[in-house]
Amino acid sequence: MESYDIVVVGARCAGASTALLLARQGRRVLLVDKASFPSDTMSTLYIHPPGVARLARWGVLDDVVASGCPPLDTISHDVDGLRLAAAVTPVDGATAAYAPRRHVLDGLLVRAAVAAGAEFRDGTRAEELVWRDGRVTGVRLRTGDSVRTVSAGLVIGADGMRSKVAELADAPVVRSAPLATCVYYTFWSGLRTGFGFHESVGRWIARIPTHDDLTVVAAYLPQDEFQAARRDPAEAYLSAVKSTAPDLYEQLMAGERADRWRGTGDQRNYFRQAHGPGWALAGDAAHHLDSITARGITNALIQAELLAGSLAGVDVADTAAVDEATARFGRDMAAALAEPYASTLELAKLRPTKARLRMLRAVAASPELTSRYFALSSGAIRMREFMTADVVDLL
Ligand SMILES: Cc1cc2nc3c(=O)[nH]c(=O)nc-3n(C[C@H](O)[C@H](O)[C@H](O)COP(=O)(O)OP(=O)(O)OC[C@H]3O[C@@H](n4cnc5c(N)ncnc54)[C@H](O)[C@@H]3O)c2cc1C
């Protein structure tokens with residue numbers, strides 16, 4: 001039987017980053033994905049500055065920039081006749097956000113993991129966990145017709161919202177909220193918009209420049225409109241853009257749609273228990289939230305760093321130490337991501353409240369506060385850093 005220190009199942013932003021950091025600790029890491037790489041996955045691609053700062057720390061940002069991905073160094077938010085606009089607040093020297101195509105980002109992360117010594121196999125599906133005395137000790141993998149069992153001190157499921165590892169480990173959902181929005185998006189050429197969003201009651205429109213002079217434009221609608229939207233995505237999408245962002249709509253009509261309609265009504269909101277004897281979860285497998293705040297990739301990078309950090313210096317043969325480290329990761333991850341989860345659930349109601357509009361008006365009157373507001377929504381600062389005494393007075 002082949003043997004590794006750690007097997008990581010799922011090789012996109014969560015799995016490849018985790019494998020990269022663990023391989024740099026000198027561990028024998030096997031990284032597998034059932035998909036063929038490089039390939040795309042459903043996403044509007046935006047990485048907030050805290051995520052970009054991690055890519056920079058790991059030496060991957062230069063490759064993202066070299067791929068021709070444009071820096072997104074400004075941000076705007078139009079709501080109720082109000083426009084908030086600011087430069088992106090730098091985080092640890094990262095002065096812009098980026099929205100790389102996923103075949104580029106995930107491919108670069110896998111390449112970096114392999115350069116750090118991880119072994120990568122795509123087209124390889126995790127089918128079963130191997131258990132001994134209530135502990136995961138390996139995983140059964142299928143590549144085409146060939147099935148093999150590998151043993152490992154830790155199996156990490158970074159295999160997305162419908163995680164097979166979570167299912168096999170029986171990882172309970174410990175916190176959840178109902179589905180809130182549905183979303184349709186596509187890519188457009190010929191737009192000159194920059195990064196930003198437009199909000200109205202029941203609608204959230206995002207515009208996100210990416211590679212090749214293309215812009216992703218996404219339309220978020222309430223979950224209860226999903227059945228109608230999926231019958232006619234073009235109508236649902238275009239009428240949402242037209243009513244909420246008329247200037248952007250004019251640009252779409254003058255531009256060209258460069259891809260098919262893509263959309264989903266299945267954006268769950270949950271935290272799973274992210275650790276157990278011999279196993280751990282990272283990325284969407286551990287925690288998923290509505291994509292309206294574009295947090296998933298940044299959260300995955302944060303989790304990779306927390307999980308690898310908790311395992312630093314731990315001998316994978318020491319089962320008690322491994323379980324202690326993954327339990328610490330579970331606690332730290334839940335604490336780090338609780339605030340963006342709550343604010344995402346609030347935005348995903350698609351109901352700008354009077355109190356929030358009042359707050360945004362006060363914020364818009366001050367360039368400094370506007371910058372801090374965007375820093376808060378990107379995760380660069382916490383609510384307690386935003387809500388200083390002067391802000392409380394003002395609001
Ligand atoms: C419409 C939409 C828009 C979004 N927009 C944004 C955005 O703008 N910004 C942002 O930050 N986030 C966004 N997200 C969320 C983001 O895409 C996810 O949070 C992110 O991809 C999670 O990464 P991950 O590595 O955890 O999982 P995934 O990207 O889901 O990757 C999981 C991988 O696991 C593999 N896998 C699954 N099962 C197995 C198995 N049994 N064996 C082997 N491999 C397996 C899959 O093939 C897949 O490659 C969006 C999501 C949606 C749906």
Side-chain angles (χ1 to χ4, degrees), residues 7-19 30-52 55 72 97-103 105-107 109-110 120-129 139-143 155-168 179 181-186 195 197 204 206-210 216-220 261-269 272 274 281-304 307 337 340 344 378-379:
V7 176
V8 182
V9 178
R12 294 198 183 274
C13 46
S17 309
T18 306
L30 174 64
L31 173 65
V32 300
D33 202 297
K34 66 183 181 183
S36 298
F37 272 57
S39 57
D40 271 321
T41 186
M42 186 173 279
S43 181
T44 56
L45 314 175
Y46 186 75
I47 310 176
H48 291 274
V52 173
L55 294 177
L72 307 177
Y98 287 85
R101 296 296 290 252
R102 290 297 296 272
H103 66 268
L105 174 71
D106 298 338
L109 286 167
V110 167
F120 173 56
R121 293 185 204 149
D122 63 350
T124 298
R125 175 188 299 269
E127 289 191 331
E128 293 293 341
L129 294 175
V139 57
R140 199 160 76 229
L141 301 171
R142 173 182 292 278
T143 311
V155 175
I156 296 173
D159 49 346
M161 186 175 79
R162 297 174 186 83
S163 170
K164 186 72 181 172
V165 174
E167 177 198 319
L168 294 170
L179 297 174
T181 74
C182 62
V183 55
Y184 276 92
Y185 70 94
T186 190
F195 170 70
F197 3 89
W204 179 274
R207 42 186 166 74
I208 309 167
T210 180
V216 181
V217 176
Y220 287 83
W261 303 106
R262 296 172 188 274
T264 178
D266 188 12
Q267 302 187 88
R268 302 173 204 171
N269 298 297
R272 285 193 178 112
L281 303 174
D284 281 2
H287 165 51
H288 194 274
L289 74 181
D290 196 289
S291 68
I292 193 165
T293 46
R295 288 290 310 206
I297 301 169
T298 300
N299 285 356
L301 304 182
I302 291 170
Q303 289 182 57
L307 180 51
L337 302 182
T344 297
S378 78

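Numbering of ligands and ligand atoms starts at 1, following listing order. All values derive from a computational prediction rather than experimental measurement.
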Original post:
Can you name the residues that form a side chain to side chain donor-acceptor pair (under 3.5 Å) with Tyr185, not counting sequence neighbours?
Top reply: none
Original post:
How would you list, by chain and number, every residue that makes a side chain to side chain donor-acceptor pair (under 3.5 Å) with Asn299, sequence neighbours excluded?
Top reply: Arg295
Pairwise, report which nitrogen or oxygen atoms of ligand 1 are under 3.5 angstrom from protein nitrogen or oxygen atoms, and how far apart they are.
residue	atom	partner	partner atom	Å
ligand 1	5 (N)	Thr44	N	2.9
ligand 1	5 (N)	Thr44	OG1	2.8
ligand 1	8 (O)	Thr44	OG1	2.6
ligand 1	8 (O)	Leu45	N	3.1
ligand 1	8 (O)	Tyr46	N	3.0
ligand 1	9 (N)	Tyr46	O	2.8
ligand 1	11 (O)	Tyr46	O	3.2
ligand 1	11 (O)	Ala294	O	3.2
ligand 1	11 (O)	Gly296	N	3.2
ligand 1	11 (O)	Ile297	N	2.6
ligand 1	12 (N)	Gly296	N	3.3
ligand 1	12 (N)	Ile297	N	3.4
ligand 1	17 (O)	Ser43	OG	3.4
ligand 1	17 (O)	Arg102	NH1	3.2
ligand 1	19 (O)	Asp284	OD1	2.8
ligand 1	19 (O)	Asp284	OD2	3.2
ligand 1	21 (O)	Arg102	NH1	2.9
ligand 1	21 (O)	Arg102	NH2	3.1
ligand 1	25 (O)	Cys13	N	3.4
ligand 1	25 (O)	Ala14	N	3.0
ligand 1	26 (O)	Asp284	N	2.8
ligand 1	29 (O)	Arg102	NH2	3.4
ligand 1	41 (N)	Ala126	O	3.1
ligand 1	42 (N)	Ala126	N	2.9
ligand 1	44 (N)	Lys34	N	3.0
ligand 1	47 (O)	Asp33	OD1	2.6
ligand 1	49 (O)	Arg12	NE	2.9
ligand 1	49 (O)	Asp33	OD1	3.1
ligand 1	49 (O)	Asp33	OD2	2.7

Subject >> Side-chain heavy atoms of Leu105 within contact of Ile47, under 4.5 Å >> reply: yes
**OP:** With the side chain counted from C-beta on, respond yes when Asp284 and Ser163 share a heavy-atom pair under 4.5 Å apart, and no when they do not.
**Re:** no
Original post:
Phe195: what forms a ring pair (Phe, Tyr, Trp, His ring centres under 6.0 Å) with it, not counting sequence neighbours?
Top reply: Tyr46, Phe197
Original post:
Does Arg272 use its side chain to pair, donor to acceptor, with the backbone of Ala285 at less than 3.5 Å?
Top reply: yes
